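Read the structure below first, then the notes.
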Amino acid sequence: MAEAPSLYDAAPWWRHYEPGVRACLAYAKTPLPVFLEETADRFPDHTALVFEGYRLSYQALAQLVDRFAAALIRLGIRPGDRVAVLLPNVIPCVVSYYAILKVGAVAVMNNPLYTDYELTYQCNDSGARMVITLDLLADRMIRLRRKTGLEMVVYTSLGDYLPPIKRILFPLAAKFRKLSARVPRSDRVYRWSQLVSQGVSHAVFPVLDFEDAAMYQYTGGTTGLSKGVVLTHGNMSRQIQQIAAWFPQFRRGKETMLGALPFFHAFGLTTAMNLSVYLGWCNVLVPKPHPAALIHAISRHRTTFVPLVPTMYIGILNHPKVERVDLSCVNGCFSGGAPLPREVIAAFEAKTGAVIVEGYGLTEASPVTHINPFAGGTRKVGSIGMPISDTRCRIVDPVEGDVQVLPGTAGELLIKGPQVMRGYLGREDETRRVLTRDGWLYTGDIARMDEDGYFYIVDRKKDMVISGGYNIYPRDVEEVLFDHPAVLEAAVVGTPHSKFGEAVKAFVVLREGAVVTEAALIAFCRQRLARYKVPVAVEFRRTLPKNNIGKVLKKQLREQTAA
């Protein structure tokens, strides 16, 4: 394989940055809680958060963060302590995150849908002393204290922040819809509303160091045991400045964010929560991002910036209500987490008049590293775009690991930038395996770069199928399946084969009312793919297993296939 040591160092993508976007930024050495203070000073009366019609201004948000931060100090939380957050996208989730960082503690974000086993593992692995959660989950977390190092439980309720009428009606609605739960009395269990009612008093907040850990963000665990990614205050601050610089046409204090991506995931935390606070935008919180809720939030609150994952875009387009509502308020969309089918991009842009830019990232990079130009630059559908400011990239031979490959050739994607993690919590061997001494992160993703410096994800390195000596990237097959009019979703994995070692198996979800046979889909693929790439089997499913941001869990499909 020919080595090309100068191709990537020359950064051909810089030529295609849109006007106003710089290759290198002068970063403010400002931690996220200070950015919130600055936004509150600049836009005190602007709405920061909207939840079920309840509005909280930036001034009120900053004051609420200070009150909860003071409460954490009173409860004995000190710099370096780990505090778990187990909440959907509600106001206390935003407040908790900023308050934890403000006192110098480490935030550990958790998915409220996790099982006891998963929560026990993450609490023990992170060393969390406290968990902040809903009353609906408080009893579980009280019981899990026996299996973890958790000392304290703080619980809030979905009814804590509602407009007056809804707050009056909430107890009745909660009883029938199971929206709240009684929390049994127990030692060191505290109600959120009582803690934040006590004021700031004489709390002294520490000066935050950019090199200190701000959070442990756990990887999704799609390829193995979930690992705690150590992200510093510097990582998170510079990442937000990078993303804001990429969208210069969106003005401070002028936009409305759709806060539907889960904040307990790195993608949602960065692009939907922290970006909104940094730019002084109104953020419409959607705790359950099913299609009807997304359509309602966009149309009612006239959201202008909409970051989502592919399954959310697909869900909106396939919902029967979408034809009857006006979504023209949307100006910009950001898609990540998984490849977005071309026909979905075209259909959503036709419906809204907005532009969708695809991007790419991974938890280990805070998470965003690549985005397509939004305006004034060339957007290439199917590409993850180009490295954002101050982000360097290389593609190397996936076997050799250090031999750079020519443009157009697939290899493993390497990334270096100010958003790249410090390492994995307590896993020095794993850290050394993916992170070099000079800061290059081995992503485990197979990618290629074209002559203009645009990058394309071919597949996960671990998802690659090797059949009869041929490397097969599942995305090649999935794109063909997506082209079939009957197919709504598709995922491809390797299946054991007596002759070739592995062969391709496809899992398919059909569009509502569509009918197609396994033989017909295989024939469709045979017309468009090399013979060794054609699926030997197609299994029809009602749904595909996904993680919390809509990424298909191919590990589960492989295990089911092997079984």
Side-chain angles (χ1 to χ4, degrees), residues 1-14 16-17 23-24 217 219-220 222-224 227 229-232 234-235 238-239 242-243 246 266-267 336-339 358-372 383-424 427-464 471 473 475:
M1 189 77 68
E3 232 184 297
S6 63
L7 286 174
Y8 303 100
D9 292 337
W13 50 85
W14 286 347
H16 303 281
Y17 275 18
C24 301
Q217 183 69 50
T219 60
T222 57
T223 57
K227 299 180 287 291
V229 174
V230 181
L231 298 173
T232 66
N235 289 147
R238 294 182 180 115
Q239 166 82 138
Q242 286 175 310
I243 298 174
W246 195 260
F267 185 27
E358 286 191 89
Y360 165 86
L362 64 167
T363 305
E364 290 85 345
S366 302
V368 181
T369 62
H370 292 67
I371 314 176
N372 268 275
S383 166
I384 59 171
M386 59 190 73
I388 59 178
S389 305
D390 295 301
T391 303
R392 298 171 60 192
C393 290
R394 295 174 182 168
I395 296 178
V396 301
D397 182 275
V399 177
E400 298 296 331
D402 58 356
V403 178
Q404 297 181 49
V405 301
L406 293 168
T409 305
E412 184 170 359
L413 176 63
L414 275 60
I415 293 169
K416 185 177 182 180
Q419 70 272 50
V420 171
M421 68 174 182
R422 177 195 292 173
Y424 293 121
R427 288 177 170 80
E428 293 182 4
D429 290 344
E430 282 287 309
T431 300
R432 283 193 293 267
R433 186 179 64 81
V434 303
L435 194 61
T436 65
R437 287 187 177 182
D438 57 348
W440 285 97
L441 174 67
Y442 282 74
T443 67
D445 282 327
I446 302 297
R448 62 180 174 84
M449 183 187 80
D450 67 18
E451 296 287 351
D452 294 325
Y454 285 73
F455 287 72
Y456 300 77
I457 294 298
V458 178
D459 237 306
R460 282 291 299 174
K461 187 176 179 180
K462 292 184 179 181
D463 288 340
M464 186 172 68
N471 292 347
Y473 300 115
R475 189 62 195 169

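Everything numeric here is computed off the predicted structure, so don't read it as measured data.
Here the shortest heavy-atom pairing between Y8 and V405 reads OH-O, 2.6 Å. Of all heavy-atom pairs between V458 and R475, the closest is O-CB, 3.0 Å. Heavy atoms only, all atoms of each residue included: W13 and G453 are closest at CB-O, 3.5 Å. Closest heavy-atom contact between G401 and Y442: O-OH, 2.6 Å. The two residues P418 and Q242 come nearest to each other via the heavy atoms CG-NE2, 3.6 Å. Nearest heavy-atom pair across Y360 and I457 is CE1-CD1, 3.7 Å.
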Kindly determine whether D450 and Y456 satisfy side-chain contact (heavy atoms from CB on, under 4.5 Å), including the steps that lead there.
-> CA-CA 8 Å; D450 67 18; Y456 300 77; 3.2 Å; yes
Show your reasoning for whether side-chain contact (heavy atoms from CB on, under 4.5 Å) applies to I415 and R392.
-> CA-CA 6 Å; I415 293 169; R392 298 171 60 192; over 6 Å; no
Could you go through the side-chain contact (heavy atoms from CB on, under 4.5 Å) check for I446 and L413 one step at a time?
-> CA-CA 6 Å; I446 302 297; L413 176 63; over 6 Å; no
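Note: L441 CG to L362 CG = 5.5 Å, rounded to the nearest 0.5 Å. Interatomic distance, T369 OG1 to F455 CZ, rounded to the nearest 0.5 Å: 9.0 Å. Rounding to the nearest 0.5 angstrom, the gap separating the OG atom in S389 from the CD1 atom in I371 is 9.0 Å. Residue S383 holds its OG atom at 11.0 Å from CE of M449, rounded to the nearest 0.5 Å. With rounding to the nearest 0.5 Å, the separation of CG in L406 from CD1 in I395 is 11.0 Å.
Annotation: side chain of E364 is in contact with side chain of Y424 (closest heavy-atom distance under 4.5 Å). Looking at heavy atoms from C-beta onward, S366 lies in side-chain contact with L231 at the 4.5 angstrom threshold. For the pair C393 and H370, the minimum side-chain heavy-atom distance is below 4.5 Å. Here the side chains of M386 and W14 are not in contact, with every heavy-atom distance at 4.5 Å or above. By the 4.5 Å heavy-atom criterion applied to side chains, L414 and T443 are not counted as neighbours. In this structure the side chain of R394 reaches within 4.5 angstrom of the side chain of D9, judged on heavy atoms. Annotation: side chain of E412 is in contact with side chain of V396 (closest heavy-atom distance under 4.5 Å). No side-chain heavy atom of V230 sits under 4.5 Å from any side-chain heavy atom of T431.
With hydrogens and angles left out, the side-chain atoms of T391 and Q419 include a donor and acceptor closer than 3.5 Å. Neither side chain, Y454 nor N372, offers a donor N or O lying under 3.5 Å from an acceptor on the other.
Judged by distance alone, the side chain of K227 and the main-chain N or O of Q217 form no donor-acceptor pair under 3.5 Å.
Looking at R238 and D390, no side-chain N of the basic residue comes within less than 4.0 Å of a carboxylate O on the acidic one, giving no salt bridge.
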